[in-house]
Number of protein chains: 2
Amino acid sequence: MASIPVDQDNYLEQRVSLINADRELRRDWSNLQTRSVLEKEADEIVRSIRAEEAASVWKEEHPDIPHPFPGMEFLTGKKIIEKTRIFEILSQMPKGTLLHAHIGAMVDTRILLDLALQQPAIHVRVAEVLTIANIKSIVPEFLPLPMGSYNLTGPGITASDYIPNTWVHIARARELFDASFGGSEGFDEWVINAMTLRPDEAYGTYNTALKIWEKFESTFSVSCVLVHFLPIFKQYLRLFLLSSVDDGIFYMEPRIDFFVADCMRGADGELNVTHRDIVLLFGEAIREVKEELEKDGRGDKFLGARIIYTTVKVVAPKDLYRYLDDCIALKKEFPHLIAGYDLVGHENVLHPLIDYIEPFLYFRKRQVEEGIEIPFLFHAGETLGDGDATDSNVYDAILLCTKRIGHGFSLVKHPKLMQLCRERGILLEVCPISNEVLRLTSSMSMHPLPILLNNGVPVALSSDGPSVFGNMGLTYDFFQVLVASEVSGLSTLGVLARDSIEFSMMTVEEKKRALLVWEEEWRIFLEQIVTRYKE
Amino acid sequence: MASIPVDQDNYLEQRVSLINADRELRRDWSNLQTRSVLEKEADEIVRSIRAEEAASVWKEEHPDIPHPFPGMEFLTGKKIIEKTRIFEILSQMPKGTLLHAHIGAMVDTRILLDLALQQPAIHVRVAEVLTIANIKSIVPEFLPLPMGSYNLTGPGITASDYIPNTWVHIARARELFDASFGGSEGFDEWVINAMTLRPDEAYGTYNTALKIWEKFESTFSVSCVLVHFLPIFKQYLRLFLLSSVDDGIFYMEPRIDFFVADCMRGADGELNVTHRDIVLLFGEAIREVKEELEKDGRGDKFLGARIIYTTVKVVAPKDLYRYLDDCIALKKEFPHLIAGYDLVGHENVLHPLIDYIEPFLYFRKRQVEEGIEIPFLFHAGETLGDGDATDSNVYDAILLCTKRIGHGFSLVKHPKLMQLCRERGILLEVCPISNEVLRLTSSMSMHPLPILLNNGVPVALSSDGPSVFGNMGLTYDFFQVLVASEVSGLSTLGVLARDSIEFSMMTVEEKKRALLVWEEEWRIFLEQIVTRYKE
């Protein structure tokens, strides 16, 4: 039977023991005991800036932001975030690796549009003549046409004599976009809006976890054709890798959706690009970026990348086999480029993992026969459900020995599964901003991340679909995590970055090197904080 | 090292084991194995109605409710809730006890206003003449005046010649309320709005956990004087007890705030009511209600009530001693009426528990000397904070051997503390609707209750301040919990009700009797479901 401590000294001693006992599962726990004096000092500086900014920047009045607070809705708070010193500091942080990122949403939409505008093949059409009344609900449809079909004459898509569904060359459509819609800039805004989530959509029109997926999926349907045009894709991959490096990410494992990639078109506008071509291109992009960075003396800022082979959960279980065979063939030919296997898509409405048990067991058997290993890196539990099929995906992911879980938002409801993640070393790819914009949580303060951390579940932070959410790189996600907790500090972020290396699909040798590189960058980063921000 | 099951049968077996292992800490777990055939049948009927209504009532279009879903924002969804058969069923459920309820917010505001209108002493004033422009921001101030000071003449508070801050008799002020403000009904609406939270306030104007407390506290400041007028208080207590009984609650432990009760005025409008008077009155109300119910042959619908003695966390630690001594004196004189001790108020801004360690240790010592026991029943962790002083209140509550925790919203972040609650039998008084309206969670689907349940933490559901939130009784709170989970069913609600008895401060003998009464009521309730709702 517990009893109340007898005096205040005794009480305070017991209090420290209890708090420690509560936190000792945390993966930053042992680090806190052993970290360098330098790290401790930098951590304290950052804590003090965080507290200061919570009381200053976050208390200022903003006419268009009724309730600013640290960790608030990202799409609304972004411009405040960018004013903070915490953001400035974190943008310099060596982030380690990027483990959860969908290739279709990795380059800023403005840049993607610029790439498209340079392509003579890319055309656009709309199902109705655009009017002030319908422009908000009509999205552009793009397609690269074969050279003989280019349309460089005729009316633009806002012209009254435009015949609905007629393809117009993209640069021409932009040029002819009527002044009443804002002219060329209006065109850009319209296209970019169709590829991104706006605050009024996430926090208004579609303000539930189910509804927001309507717009989320619509953004992909618009950008998909642009990204999956081979001449753009080449440049896109390069820009994705380079911009990640610029944000302090030195290794990436993007998910490439080979179901969607079936719609990849070559420069001639034909559906003649194979999955093998795509992997080859990915390998080339890595090589090019490495060379480019080495030329700049930044060779150690980029350690490589691998593809997580994914399909979508719309695929019927009986149709999955050919993708699994395809994945095995690619892994055999490009062992250094295929990191693992996953299935993606809106978990709440598409097939749960359990529907695919047969193909998955087949997949495993085939791997044993071939003497290869393609780890599962499953999306699971990206839901508010409690005990429904979506929530239950976390059971299947773990039974199928997934090496990591994408999102795992509902994992915190499952004490046994958190224990297994901790004991077996299954890392959660947590995407704070994605979860919030997609309405699984209303703000970072309500996000379950602290529960995962306190239970010692390995975690890496990720951006998921940053071109749609506007959280390019990893700085924004690290920011949201840091400002919404008083337990977590800079040292915690360091542990998250280190775990992103530890739980990547790099080889043992690669990881060893990566950790050495990261530790050195981390030390320099800490020194900069102490030099620049010490009061 | 875990490995993937070899075949599908083997897989499905392991899946069942894993789900069971994940859920075996739940307090409804053993009940699910041993429950009666009748309970199983009723539970299944309710699950099937719940699924049917999720696809019907909750999918209907509502012009004023953009995104209806089960477990949605209570203030917006209330009228849909009331249309469901699940609500109809739960309103008949024997709920057990009410363990977390603030006496100042336990009677419907319409009824409170009617009570006030009958009192010749109650007067109202406003700081400015009311206008269409200011009426939304000006709240009424009430006061019972001594007989000689009654003001039954002169202009009303909307008259242009009203002198600000002049007391006007309440019924007269209502009668003279200008037609341009809606006349008498406009007066009622204005007063009731000032004592309740509206959807546009909770989900708009004050839409953060910090801001909403501005309006929340304002509602108490308006109603407080009315509730704490002795002639009203007598009737108020009786109505609170009776309406709870009508909702299937047979025992209550309301928190009475003796700091606020210092402003209690007698029929003569003077501050001459002692704490002892209040406890005596409470005892009388219990007796009267018992007699009344026995006369109606409903004697076993009400088993009694006790007061949780509370003060507010604005009290300076050095000033707490006199309340602690007062509490001890009352417990000695009325051992059967004082259930325990607590401190209330906005946790995020007022004193954390640790500030009061010295007085608390003194309190314990004094109890030992007096040979009495007044358990702590602390509010703690009603916050979104992670590791801040408010969140840390849960450590102190547990170190101080609290028997229950009020809210404990942040407990789910603390694995060690959840374990202690499970092992030591510390129950959480969970207030789902209060948490949501006060913006700790955006909807029931985001509420951490499933985490508590899966971790085997004892839980009872409570209404907190129902006259402010509109969740009178416990039916609404049970509703929100039931529809937001597929793990929890009617049997889970039964276990919550049973735990509300088990963890009340009734004596062992009283509990034994209460459980017998409840089990019989529960059986009848299950039979009714099977009889009325079987397809």
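All chains are named by letter (A, B, ...) in the order of the sequence lines, taking the proteins before the strands, and each is independently numbered beginning at 1.
- Between the side chains of Asn454(A) and His414(B), no donor N or O sits under 3.5 Å from an acceptor N or O.
- In this structure, the side chain of Ser488(A) does not engage the main chain of Ser485(A) through any donor-acceptor pair within 3.5 Å.
- Counting heavy-atom pairs closer than 4.5 Å to chain A, the top-ranked of the candidates Leu210(B), Thr383(B), Asp391(B), Thr208(B) is Thr208(B).
- Side-chain contact check for His67(B) and Asn207(A): no donor-acceptor pair (N or O, by modelled atom type) lies under 3.5 Å.
- Formation of a donor-acceptor pair under 3.5 Å by the Glu347(A) side chain with backbone atoms of Glu382(A) is found in this model.
- Using a 4.5 Å cut-off between non-hydrogen atoms, the part of residues 12-19 of chain B that approaches chain A consists of Leu12(B), Gln14(B), Arg15(B), Leu18(B), Ile19(B).
- Proximity to chain B (any heavy atom under 4.5 Å) is restricted, for Leu420(A), to the side chain, taken from C-beta onward.
- Note: Phe360(A) and Phe378(A) have tilted aromatic rings, judged against thresholds of 30 and 60 degrees for the angle between ring planes.
- In this structure, chain B has heavy atoms under 4.5 Å from both the backbone and the side chain of Pro415(A).
- Between the side chains of Asp396(B) and Tyr11(A), a donor-acceptor pair is found at a separation under 3.5 Å.
- Counted within 6.0 Å of CD on Glu61(B), heavy atoms from surrounding residues, nucleotides or ligands total 12 or fewer; the atom is thus considered open.
- In this structure, the portion of Ile354(A) lying under 4.5 Å from any heavy atom of chain B is its side chain and not its backbone.
- Defined by atom type and a distance below 3.5 Å, a donor-acceptor pair is present between the side-chain atoms of Arg364(B) and Gln367(B).
- Ranked by heavy-atom pairs shorter than 4.5 Å toward chain A, the options Cys401(B), Pro66(B), Ser443(B), Ala209(B) are led by Cys401(B).
- When Leu399(B), Leu440(B), Leu452(B) are compared by the number of non-hydrogen pairs under 4.5 Å with chain A, Leu399(B) comes out ahead.
- Between chain B and the options Pro450(A), Gly456(A), Pro448(A), heavy-atom pairs under 4.5 Å are most frequent for Pro450(A).
- At a cut-off of 3.5 Å, with distance as the only test, a side-chain donor of Thr390(B) or Asn348(B) sits close to an acceptor on the other residue.
- For Arg23(A), the part lying near chain B is the side chain, with the backbone staying farther off; criterion is any non-hydrogen pair under 4.5 Å.
- When Phe69(B), Tyr206(B), Tyr395(B) are compared by the number of non-hydrogen pairs under 4.5 Å with chain A, Tyr395(B) comes out ahead.
- Interface remark: Leu361(A) contributes side-chain atoms only to the contact with chain B (heavy atom separation under 4.5 Å).
- Closest approach of Gly340(B) to Leu377(B), counting heavy atoms only: CA-CD1, 3.9 Å.
- For chain A, the option among Thr205(B), Asp22(B), Leu400(B), Ile4(B) with the highest count of heavy-atom pairs below 4.5 Å is Asp22(B).
- Nearest approach of Leu320(A) to Pro359(A), heavy atoms of both residues: CD2-CB, 4.1 Å.
- Residue contact with chain B, scored on non-hydrogen atoms closer than 4.5 Å, involves the backbone and the side chain of Ser392(A) alike.
- The CD1 atom of Ile398(B) sits 4.0 Å away from atom CG of Leu417(B), with the distance rounded to the nearest 0.5 Å.
- Residue contact with chain B, scored on non-hydrogen atoms closer than 4.5 Å, involves the side chain of Lys211(A) exclusively.
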